[in-house]
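Here's the structure we're looking at; comments come further down.
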Amino acid sequence: GRRSIRKYLPKPVRNEVVLEALIAAGWAPSAHNSQPWRFIILQDASVKRRLADAMADAWAKDLQRDGVTVEADKRMERVERFATAPVLILACLTMDSLRKFPDSERQMCERDLAVQSFGAALQNLLLAAHAKGLGACWFCAPAFCKETVRKILKIPDAVEPQAFVAMGYPAEKPQVPIKKLLEGYCFVDMWGRTF
């Protein structure tokens with residue numbers, strides 16, 4: 001029943017509920033039990049606004065390099081999405097607890113393990129929020145402007161901004177999205193047939 005919820009009621013979310021969802025995220029499986037995720041809960045409205053504005057500027061500049069102009073209303077929509085979310089969590093990745101290899105190929109594999117683990121933690125967070133009656137949505141926008149986010153929030157170099165999880169009580173009920181059937185993503189079934 002979980003859906004990506006992008007619109008929220010103007011109702012505060014108790015800190016305990018957010019912390020319980022973050023604890024659930026922490027129980028996700030991770031490579032070498034590294035737990036390579038770090039979460040920053042953004043509560044200050046002025047910080048959220050400044051961050052959202054700076055990210056929207058970075059997004060517009062990226063598109064301008066591609067020859068695309070961002071319409072003012074599209075830019076504002078992006079700013080408001082993050083600036084007004086009742087709960088905004090910045091999810092970050094760190095390689096601190098993972099193994100260090102002398103060659104780039106194995107080190108890249110280790111990063112893949114960290115990213116997979118990070119995804120499991122975010123899935124736990126989303127499911128826990130849903131179980132508590134909250135709506136949430138995973139946005140990858142910070143991954144496209146890591147240095148902007150890092151600078152505004154004074155995040156250390158070893159912690160890499162990756163995603164936002166916006167959260168609150170749902171003000172929408174999205175339709176069930178069209179998903180691939182099992183045959184669309186499972187290439188061999190239990191009976192040995194190939195698709």
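In this text, all values refer to a predicted model and were calculated from it rather than measured experimentally.
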* Asked: Where do Ile155 and Pro161 come nearest, in terms of heavy atoms and distance?
  -> CD1-CG, 4.0 Å
* Could you tell me the separation between the CG atom of Leu90 and the CG atom of Leu42, rounded to the nearest 0.5 Å? => 6.0 Å
* Minimum side-chain heavy-atom gap Thr84-Tyr8 below 4.5 Å -> no
* **For the student: nearest non-hydrogen atoms of Ile5 and Cys137, plus distance** => O-CB, 3.3 Å
* To do: Could you tell me which non-hydrogen atom of Gly119 sits nearest to which non-hydrogen atom of Trp138, and how far apart they are?
  => CA-CH2, 4.1 Å
* Heavy atoms only: give me the nearest Val165-Ala136 pair and the separation to one decimal. => CG1-CB, 4.2 Å
* So, Lys151 and Glu147, do they make that salt bridge, N to O below 4.0 Å? -> no
* How long is the span from the CG atom in Asp62 to the CZ atom in Arg65, to the nearest 0.5 Å? -> 4.0 Å
* Under a 4.5 Å side-chain heavy-atom rule over Ile, Leu, Val, Met, Phe, Trp and Tyr, are Leu113 and Met108 clustered together? -> no
* To do: Say whether Val17 and Leu88 are linked into one hydrophobic cluster, either directly or through other cluster members, by side-chain heavy-atom distances under 4.5 angstrom.
  => no
* To do: Would you check, one step at a time, whether the test side chain to side chain contact (heavy atoms under 4.5 Å, CB included) holds for Glu110 with His32?
  => CA-CA 10 Å; Glu110 199 71 5; His32 321 303; 2.6 Å; yes
* Asked: So do Ser117 and Pro29 actually touch side chain to side chain, heavy atoms under 4.5 Å?
  -> no
* For the student: nearest non-hydrogen atoms of Pro174 and Ser4, plus distance -> CG-O, 3.6 Å
* To do: Please collect all side chain to side chain donor-acceptor pair (under 3.5 Å) contacts where either partner lies in residues 167-179, sequence neighbours excluded, each pair once.
  => none
* Asked: Is Glu80 salt-bridged to Arg49, cutoff N-O under 4.0 Å?
  -> yes
* Asked: side-chain hydrogen bond (donor to acceptor under 3.5 Å, both in side chains) with Glu160: which residues, sequence neighbours excluded?
  -> Arg111, Lys146, Gln162
* Note, Arg3 side chain near Pro177 side chain (heavy atom, < 4.5 Å) -> yes
* Kindly check if the number of other-residue, nucleotide or ligand heavy atoms within 6.0 Å of NZ (Lys7) is above 12? => no
* Would Val159 end up clustered with Leu22 when hydrophobic side chains under 4.5 Å apart are linked, directly or stepwise? -> no
* Any Lys/Arg nitrogen of Asp103 or Arg106 sitting under 4.0 Å from an Asp/Glu carboxylate oxygen of the other? -> yes
* Step by step, would you call Met167 with Val13 a side chain to side chain contact (heavy atoms under 4.5 Å, CB included)? -> CA-CA 9 Å; Met167 196 181 292; Val13 178; 5.6 Å; no
* Asked: Quick one: do the Gln35 and Asn33 side chains pair a donor with an acceptor below 3.5 Å?
  -> yes
* To do: Carefully, step by step, assess Val115 and Leu93 under the rule side chain to side chain contact (heavy atoms under 4.5 Å, CB included).
  => CA-CA 7 Å; Val115 171; Leu93 181 72; 4.0 Å; yes
* To do: Report yes or no: do Ile41 and Val47 belong to one cluster of Ile/Leu/Val/Met/Phe/Trp/Tyr joined by side chain heavy-atom distances under 4.5 Å?
  => no
* To do: Examine Trp37 and Leu19 and state if one hydrophobic cluster contains both, with Ile, Leu, Val, Met, Phe, Trp and Tyr joined whenever side-chain heavy atoms are less than 4.5 Å apart.
  => yes
* If we only count heavy atoms from C-beta on, is the Leu51 to Leu153 side-chain gap below 4.5 Å? -> yes
* Asked: Are Pro142 and Met55 close enough that some pair of their side-chain heavy atoms sits under 4.5 Å apart?
  -> yes
* About how many Å separate CG of Asn124 and CD1 of Ile23, when rounded to the nearest 0.5 Å? -> 12.5 Å
* Pairs where residues 72-123 contributes a residue and the test ring pair (Phe, Tyr, Trp, His ring centres under 6.0 Å) is met, not counting sequence neighbours -> Phe82-Phe139, Phe82-Phe164
* Structure fact -> Smallest heavy-atom separation, Thr94 atom then Ala158 atom, equals OG1-O, 2.9 Å
